[in-house]
Every structure is written in structure tokens, then in C-alpha cells.
There are 2 protein chains.
Amino acid sequence: MLSLTEENYLKAIYHLSDGGAKAVLTNALAVAMNTKAASVTDMIKKLSAKEVITYEKYYGVNVTPKGKTEALMVIRKHRLWETFLVDKLGFAWDEVHEVAEQLEHINSPRLIEKLDEFLGYPKVDPHGDPIPDHKGKIKIQPQVPVDQLQIGFQGKIAAVKDSDSNLLKYLDKIGARPGVKIKVLGKEEYDESMEILIDDHRVFISKAVSQNILVVG
Amino acid sequence: MLSLTEENYLKAIYHLSDGGAKAVLTNALAVAMNTKAASVTDMIKKLSAKEVITYEKYYGVNVTPKGKTEALMVIRKHRLWETFLVDKLGFAWDEVHEVAEQLEHINSPRLIEKLDEFLGYPKVDPHGDPIPDHKGKIKIQPQVPVDQLQIGFQGKIAAVKDSDSNLLKYLDKIGARPGVKIKVLGKEEYDESMEILIDDHRVFISKAVSQNILVVG
DNA sequence: GTAAAATTTTAGATTAGTCTAAAAAATAAT
DNA sequence: ATTATTTTTTAGACTAATCTAAAATTTTAC
Ligand SMILES: [Mn+2]
Ligand SMILES: [Mn+2]
Ligand SMILES: [Mn+2]
Ligand SMILES: [Mn+2]
């Protein structure tokens, strides 16, 4: 149905739209896909023809219900493969995203169901991101990035951004993994750096880092 | 280096050339790739430019040492993935070839080494075909198709052709699996059907079947 | 050893995905 | 409310992979 390239565009649109909540503009998609606006316009016409998005000229695109399901299937595959690579093959969590970008396009419903079973039906991937089930159902709990928290906040790390290997290596070093408890001790006005407690261990993190750690109350 | 399509052509050339032993003609490749001779000519020019084959106009192509290594790496991936699907995910041996055709093009040296380790460095795939090691080394023992055997021959099934799902289901039913002992009892001149003993169980097989079972002495 | 047949290559087109440069539309500024 | 700026779309061109039809070459037949 969708080509590899079309799947990647649709996935990016889904993410940029916050799961289908808002419209996505041409330039935003061009940045996300590391391509030019003209190429994006061409592609969104194709995706629109395939009825996975709706397109209003000059006003961006929206994901259709059909498109949302398709995007969630690609995301399901991506996250199941990342889980496989870490849990079964012993990859580090910063090494899996690139490979999963390839594996997510393997087309075999039977394979992905068998893989899900083999992994024990995991609920989240190695970075804490929820894995949609075989119907595309995904459990989203409201996650807040650390840089938006008040001083004194206490909670648990839910997930971290998975696409930057160096960030993940650093997060691993300071113990910032999904499930670990976190508390905000202080915030520096000047550079928005923060002092936080990660599993009772005190660390200072820059805004670049605090934006990429997501917590739940 | 090579595109997915180029990898598929190179693999087909390698197989048709009997592991690099003989030249491959345009039409033979067109049949194998299910495409037209004109398309093959275009592609072999590209593969020739990338120095994985040598090309003499009107006289076919030969695999270079570099091309042989690249072909063996694709075959290595294909057979490791088939082994994974059967041994770890519980696929039947007739269900894996199509999926492996996709998975063989995933590009990640680390992934394939980890997978090899996870599978316990298997020597053969589910159909009995040898798996090249990480250096491309492959152990080839002279295998003979059953239809070419003399009456009275005794030996062991080494491998079976893996690309036809219905054939594999039938072979499974008559117990014709790699490792099983086999003996030729008789041969019918008219239709070249044969009477054979598979693991001491007497069966009659057509030429279409006997061609696809490979044995060692 | 020339003519017919088969094989292979070339020529010209098509589709997917991309690009640059120019035109069109929307947004911001005066 | 025009003008200027930014954003988006269109136009035209390029590469990879494919096709059909025609030309070139090799092989087979007589
Ligand atoms: Mn990822
Ligand atoms: Mn992808
Ligand atoms: Mn196979
Ligand atoms: Mn393939």
C-alpha cells in the first residue's frame, strides 16, 4: 500500500501532529524529513491521493483515521524491533534507533505478531515510549518535559527522546532511565539549567537535556 | 554501496553462476529476476561500473571476487534470518523465504553479528543450506539432486530448495528434511518418477520433487 | 557460407522521489 | 491598505529502475 518513503513521511506527520491532534505545515515537515518544501508538496499530494492525510493548499495536512492506524503500525514495528535489539540481542539503548528505522518497513503481519509474542507483549520500548498493540491501540499518559517542571516537583521518568545517540549515552551515565524517580531541586534563570535528583543522585543538566526527559506525576 | 535492487541482481547472478564458476547470460538472469532482457542489460552495466561483476557484451557476466563477497553477505543475512524465524519465532520452514527476502537487505553489520551469536552460530539454515561466516567463508560439499542418483544409492538429505512454499509443505509431509537418510529403490523410465526410502519410509515422488532434494553420499 | 532465427543491446518513454528556480498565495510591516 | 516578507506551490530537470519496440549481434539452419 505505502512505499517506504511514504511510510516515513506519514510517521513524521503523525508525530508532528501530536497523534493527529493538529495540522502539520509544509516547512515543518521539510525540516523533520531533512528535505525541501517542494519535495514535501509533491509527497503530500500522493499521501492525500491514498487518503491517509487530508490536504488543504497553503494550510497544511491532517492525518485521517486510516492514516493514523497506518502510522501507528509503523511505530509499533519500530518500537518492537528496538525492544528486540535491546532485550534479546544485547544492544545498548543508544544503538537501536537507526536499525529500527530500517526494520520498521519490513512488511509481514505474521512476523510482527510472532515478534510481539516472543518479546512477551512489551508495553513500552527501551526509551519508555508506549508500543501500540496489534489493533493500533496505544496508551498515552500525559508526559511533561523536565524543563517545564516547577521546583519541588517529584515524579518518575516516563520516557526519553530516542533519536540522539550521544544524548542517550549521557542520560545512561547520569542514570536517567524510564521508571527512575526524579525531583526538581533548582532552576538557573540565566541559562535555564537545572539541578535535579535522579534516583537520589544530585545532577545539574542543561536545557538541551531537560527538554528531552519526560516525566509523569 | 549497493541498492536493494542491485543486491537482488547480484545474488541471482551469484546463484546462476554456481558460486562464481561460470558466466551468466542476460536471458537467464531476466527469467530469474522475473524481468525483461532490456532491464537486465541496464542493470549489469551498473553492477559492472561498481566492479562487482565483469561484463562482456553479448557474452554474459562473471562475478568478481568483490562481488562474490558481497553476494555471500546477502546470502548470510538471508539464511541467518530464516534460522531466526524458525528457531526463535516458531515459523514453519515454508513460511520464511519471503520474509527473509526483505530482511536480507537490512544494513547493519553489528545486527548480523549479534544475531549470529544469538542463534549460536548455526552452520546451516532451516532448509539445509550452508550459512557463510562473517568473513564470507562457506563450506560447500558436493550435493547431488535425487533425480540424478542411481538405483541402490544410499545417503543423507543435505538440503532442499527453499523458495516454493507448497513444495516445502509436501516435503515436510513425507519427512524429507535435511539430515534424514535416504535410499533409491527404483526409477520409472516413462515419467522419471522414483521410488525412494526416506528414513525407512517408502514413498513415490515425481521428477518435479526429486530435482529439489539434494543429497550427500 | 549465406539466410533465418534467436539473443542481446540500444533508443525512447514512464514512474517515484528528489532538486533548483520561479510563480503564487498568505502573513507581516509600515 | 498597500508594500514587503515569508511560506508554499508549480515548472522543469535529474537519477534509478522499469518497459516496449527497433536495431545490432550471435547462433543455428540449410
Ligand atoms: Mn526509535
Ligand atoms: Mn523509517
Ligand atoms: Mn530462502
Ligand atoms: Mn532480496
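Every chain is numbered from 1, with letters handed out A, B, ... down the list of sequences.
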Inset, instruction - Consider only side-chain N and O atoms of A:His105 and A:Asn8, and report whether a donor and an acceptor are under 3.5 Å apart. - result: yes
Inset, instruction - Would you tell me if any nitrogen or oxygen in the side chain of A:Lys45 comes within less than 4.0 Å of OP1 or OP2 on D:dT10? - result: yes
Legend entry - B:Arg76/B:Asp116 ion pair, N-O < 4.0 Å: yes
Legend entry - Between C:dT8 (C1') and B:Glu56 (CD): distance, integer Å: 13 Å
Legend entry - Euclidean distance, atom NZ of residue A:Lys57 to atom C1' of D:dT7 [Å, nearest integer]: 14 Å
Legend entry - Listed once per pair and sorted, the salt bridge (charged side-chain N to carboxylate O under 4.0 Å, His left out) pairs that draw on residues 22-35 of chain B, sequence neighbours left out: B:Asp18-B:Lys22
Inset, instruction - Examine B:Lys68 relative to B:Tyr14 and say whether NZ or CZ is less than 6.0 Å from the centre of the six-membered ring and inside a 45° cone about the ring axis. - result: no
Inset, instruction - Only counting residues at least two apart or in another chain, list the ones meeting side-chain contact (heavy atoms from CB on, under 4.5 Å) with A:Asp42. - result: none
Inset, instruction - Give the B/S/- string for nucleotides 12-24 of chain C, one per nucleotide from 5' to 3', where a protein heavy atom under 4.0 Å of the base yields B, of only the sugar-phosphate yields S, and otherwise -. - result: ----SSBBB---B
Inset, instruction - Starting from P on D:dA24, measure out to OH on B:Tyr59 and report it in whole angstrom. - result: 17 Å
Legend entry - Phosphate contact (D:dT6 OP1 or OP2) by A:Asn27 side-chain N/O below 4.0 Å: no
Inset, instruction - Check whether NZ of the Lys or CZ of the Arg A:Lys88 lies under 6.0 Å from the centre of the six-membered ring of A:Phe118 and within 45 degrees of that ring's axis. - result: yes
Inset, instruction - Classify the nucleic acid contact of A:Thr41 as base, sugar-phosphate or nothing, counting any heavy atom under 4.0 Å across all strands shown. - result: base
Legend entry - Spacing between A:Tyr55 atom OH and D:dT7 atom C1', to the nearest angstrom: 12 Å
